[in-house]
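Report on one structure; see the data block that follows.
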There are 2 protein chains.
Amino acid sequence: MGKQYTAAMIVIGNEILSGRTQDLNINYVAKKLVECGVVLAEVRIIPDVESVIISTIGELYEKVDYIFTSGGIGPTHDDITAASVAKAFDVVLEEHPEARSLLLEHYGENDLSAARLRMARIPVGAELIPNPVSVAPGFIIENTHVMAGVPRIMQAMMDHVACTLKGGAVIQSHTVSCTLTESVIAKELTAIQDDWKHVDIGSYPYFKDGVLGVNIVLRSSVESDLVQAAGDVSDMVEGLIGT
Amino acid sequence: MGKQYTAAMIVIGNEILSGRTQDLNINYVAKKLVECGVVLAEVRIIPDVESVIISTIGELYEKVDYIFTSGGIGPTHDDITAASVAKAFDVVLEEHPEARSLLLEHYGENDLSAARLRMARIPVGAELIPNPVSVAPGFIIENTHVMAGVPRIMQAMMDHVACTLKGGAVIQSHTVSCTLTESVIAKELTAIQDDWKHVDIGSYPYFKDGVLGVNIVLRSSVESDLVQAAGDVSDMVEGLIGT
């Protein structure tokens, strides 16, 4: 198996930590990374505090191949992500000519306020990420992809950067659903996991329409292993239901 | 102002990191902590990997007053949270007599399989957290509250522990909604934030039924400050709409 590329996501937002907003961005990024063959190794949700943003990027920079952030790149006083990322990478935050002209074209000369112009301030050396929804761009500096927090915009930015990522073998998954409980399958499932070291097997109980059951999810980058392990799980389930 | 109590949450689950499951537990814990006057300082989503669970608890243990975990306490091979937490606190994992009798009463002697009995294994010295949904308990060891991942169970466990937490002054919030954009309010909002240091002011753009707007959320433990700052924000909004 080749190199496994890894990523971390940093959600920057007091509104998530206070419970005011239900985050939807993590799940979108997680799914997109699976498609790209990149493993999401960790997610952190942190407040809009400069020192925390800087130290979190510093820690994760060493640990993963890619960092993705969402939130804090709007025009108001609490939007401090761009300035914090610039400090994390020890570069200056400057008005980016292309970002300025995008904003100018969108708002017109009269409505390009100082607040809106703040959104053109990008760490020097960063590459812009287009924003097809409301123009103000995200950016990429080294391995760090800085995106908006508003889900529609974040999704467009993630779609854009996803195709540029260098990924490893794509992880495929196969799900076996049954109305057995976790306790009933646990022993035999452990034996199957022991047989298939390159297949990650997880079991997720559910309760739907009054019925208890479990989804057994197998994941692997080795398709033949995945198919055979899934066969073993199906045989086990049939055996247990038959008894 | 008195001591500000802080918390961190650790979501343990490959199913969240792979995008298979949309997390709902973070938002529930976040809201409950606000009610208790405890500030959620950070959330980490990590995989079901023993060394990562141990190091994450180690890092956060020093930083916050309370740790909450969700996920990984079921009966299958991938449920390694209890064993990992025991190692993190350097204590033995043992069958807990009370947990055993709860499971015995629920399942009956014949159906209390080895897999189910795994759920009675609790770090020595920990206190049980009742599970009114499916019996298998969570537990509290030192400052760390270990809860289930299934939302209905996690919520019941969180409700139980919430009333035992020592919190600071409860943070109150007040929201001013308007159909202005962030760019338009940014300058004056910065001035209001500068005036009210003990009020945390955030602005959250929305797009609903074809209309762009912004929710301005003020939070403070000092009610008089909150009321006056909210008055300033309302005045600002009325002034800007009037012009």
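The structure displayed is predicted, hence computed values, not measured ones. So that the names make sense, note that chain A is the first sequence line, chain B the second, and so on, each numbered from 1.
- Rounded to the nearest 0.5 angstrom, B:Asp78 CG and A:Leu189 CG are separated by 7.5 Å.
- Annotation: side chain of A:Leu24 is in contact with side chain of B:Gln22 (closest heavy-atom distance under 4.5 Å).
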**OP:** Give the C-alpha distance, both sets of side-chain angles, the deciding distance and a yes or no for side-chain contact (heavy atoms from CB on, under 4.5 Å) between A:Asn14 and B:Asp200.
**Re:** CA-CA 10 Å; A:Asn14 292 340; B:Asp200 171 47; 4.0 Å; yes
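- Only the side chain of B:Arg152 comes within less than 4.5 Å of a heavy atom in chain A; its backbone stays farther off.
- Ranked by heavy-atom pairs under 4.5 Å with chain A, the list B:Leu117, B:Val39, B:Ile201 is led by B:Ile201.
- Listed options B:Glu42, B:Met119, B:Arg20 were ranked by heavy-atom pairs under 4.5 angstrom with chain A; first place goes to B:Arg20.
- The shortest non-hydrogen separation linking A:Thr21 to B:Asn27 is O-ND2, 3.3 Å.
- Using a 4.5 Å cut-off between heavy atoms, A:Val217 contacts chain B through its side chain alone, with no backbone atom that close.
- The part of B:Asp79 that comes within reach of chain A is its side chain, from C-beta onward, which places non-hydrogen atoms under 4.5 angstrom from that chain.
- For A:Ser18, the parts lying near chain B are the backbone and the side chain together; criterion is any non-hydrogen pair under 4.5 Å.
- The parts of B:Ser203 that come within reach of chain A are both its backbone and its side chain, each placing non-hydrogen atoms under 4.5 angstrom from that chain.
- Note that the OH atom of B:Tyr204 and the OG1 atom of A:Thr76 stand 8.5 Å from one another [nearest 0.5 Å].
- Looking at A:His77 and B:Lys187, their side chains never come closer than 4.5 Å, going by heavy atoms from C-beta outward.
- Residues B:Ile45 and A:Arg44 are not in side-chain contact: their nearest non-hydrogen atoms beyond the backbone lie 4.5 Å or more apart.
- Heavy atoms closer than 4.5 Å to chain B are found nowhere in A:Met9, neither backbone nor side chain.
- With values rounded to the nearest 0.5 angstrom, A:Leu17 atom CG is found 9.0 Å from B:Ile26 atom CD1.
- Using a 4.5 Å heavy-atom threshold, the side chains of B:Arg116 and A:Val184 count as touching.
- Across all their heavy atoms, B:Gly74 and A:Glu182 have their closest contact at CA-OE1, 4.3 Å.
- Using a 4.5 Å cut-off between heavy atoms, B:Glu59 contacts chain A through its side chain alone, with no backbone atom that close.
- The part of B:Gln193 that comes within reach of chain A is its side chain, from C-beta onward, which places non-hydrogen atoms under 4.5 angstrom from that chain.
- Neither the backbone nor the side chain of A:Asp111 comes within less than 4.5 Å of any heavy atom of chain B.
- Contacts of A:Leu33 with chain B are absent, with no heavy-atom separation under 4.5 Å from either backbone or side chain.
- For B:Ala41, the part lying under 4.5 angstrom from a heavy atom of chain A is the backbone only.
- Ranked by non-hydrogen atom pairs under 4.5 Å with chain B, the options A:Ala115, A:Ser183, A:Ala186 are led by A:Ser183.
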